[in-house]
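One structure below.
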Amino acid sequence: MTRPLLTGGLAALIHALAKRAGTRPIVEAVDSAPWSSITFTGARHRFTLRFEGDDPAGAAYAVTDGLDYAEFDLGTYIVVDIVVVETVAGDDRVRIALEALILAND
């Protein structure tokens with residue numbers, strides 16, 4: 001299985017989400033599309049994170065709890081919008097699919 005190459009704002013966001021979770025998730029899928037307005041450029045990302053280990057549900061909850069109001073320090077990137085679009089819990093893992101709009105702030 002080939003893992004997606006993460007760069008830029010999405011890599012910074014996933015790192016920030018891992019800090020919220022207290023563990024490093026497995027990035028299963030990434031789909032990105034460029035986004036722009038008259039004054040901003042960035043990308044809309046849909047990505048899936050898988051949590052395993054001792055408490056995957058707790059890690060997933062730590063990521064998603066209060067996500068609507070979370071602020072992220074991503075250097076030259078800004079998270080404008082982030083939502084959970086799907087959560088799938090199994091016996092020993094939890095997958096969460098998220099969508100995020102990340103803009104360049106340079």
Side-chain angles (χ1 to χ4, degrees):
M1 177 172 147
T2 303
R3 294 218 171 106
L5 178 63
L6 301 175
T7 60
L10 182 58
L13 176 60
I14 290 173
H15 178 74
L17 294 173
K19 285 179 74 173
R20 284 175 65 101
T23 186
R24 188 173 173 177
I26 297 166
V27 180
E28 290 191 330
V30 173
D31 183 30
S32 300
W35 183 96
S36 64
S37 69
I38 292 174
T39 53
F40 296 103
T41 61
R44 182 164 294 281
H45 305 280
R46 182 179 174 117
F47 55 102
T48 303
L49 304 177
R50 183 177 80 220
F51 294 93
E52 299 179 340
D54 294 334
D55 186 15
Y61 180 77
V63 168
T64 59
D65 184 43
L67 194 60
D68 296 349
Y69 307 103
E71 292 186 21
F72 299 97
D73 181 8
L74 305 183
T76 61
Y77 299 97
I78 300 170
V79 178
V80 176
D81 184 37
I82 184 167
V83 295
V84 177
V85 293
E86 183 179 32
T87 302
V88 179
D91 291 339
D92 60 348
R93 64 185 63 169
V94 176
R95 285 182 178 88
I96 54 174
L98 300 108
E99 285 186 2
L101 176 59
I102 303 173
L103 302 181
N105 184 29
D106 42 26

Worksheet item: Should Leu101 and Val30 be regarded as members of a common hydrophobic cluster, given that ILVMFWY residues are connected when their side-chain heavy atoms come within less than 4.5 Å of each other, either directly or indirectly?
Response: no

Worksheet item: Does the side chain of Ile82 come within less than 4.5 Å of Leu13's, by heavy atoms?
Response: yes

Fill in: Shared hydrophobic cluster, Leu67 / Val94 (ILVMFWY, side-chain heavy atoms < 4.5 Å)
yes

Worksheet item: Under the side chain to side chain donor-acceptor pair (under 3.5 Å) rule, what pairs show up with a residue in residues 34-46, not counting sequence neighbours?
Response: Ser32-His45, Arg46-Glu99

Worksheet item: Looking at OG1 of Thr64 and CG of Leu17, how far apart are the two atoms once the value is rounded to the nearest 0.5 Å?
Response: 10.0 Å

Practice prompt. Count the heavy atoms belonging to other residues, nucleotides or ligands that lie under 6.0 Å from CG of Asp54, then report whether that count exceeds 12.
Written response: no

Fill in: With sequence neighbours excluded, residues passing side chain to side chain contact (heavy atoms under 4.5 Å, CB included) with Ala21
Thr23, Phe51, Ala59, Val63

Discussion item. I want to check something: taking the side chain as every heavy atom from C-beta on, are Tyr77 and Leu10 in contact at a cut-off of under 4.5 Å?
Written reply: no

Item to complete: Mind checking side chain to side chain contact (heavy atoms under 4.5 Å, CB included) for Arg24 and listing every partner two or more places apart, or none if nothing turns up?
Response: none

Discussion item. Looking at every non-hydrogen atom in both residues, tell me the closest pair between Gly58 and Asp55 and how far apart they are.
Written reply: N-OD1, 3.0 Å

Practice prompt. Taking the side chain as every heavy atom from C-beta outward, state whether Leu103 and Asn105 have any atom pair closer than 4.5 Å.
Written response: no

Worksheet entry | Linked, directly or transitively: Val80 and Phe40 (ILVMFWY side chains, under 4.5 Å) | yes

Practice prompt. Taking the side chain as every heavy atom from C-beta outward, state whether Val27 and Leu49 have any atom pair closer than 4.5 Å.
Written response: yes

Practice prompt. State whether the number of non-hydrogen atoms from other residues, nucleotides or ligands found under 6.0 Å of Asp68 atom CG is greater than 12.
Written response: yes

Worksheet item: Do you know the tightest heavy-atom contact between Gly9 and Leu74?
Response: O-CD1, 4.2 Å

Discussion item. On a heavy-atom basis, which atom in Ala70 and which in Arg20 lie closest, and how many Å separate them?
Written reply: CB-NH1, 3.3 Å

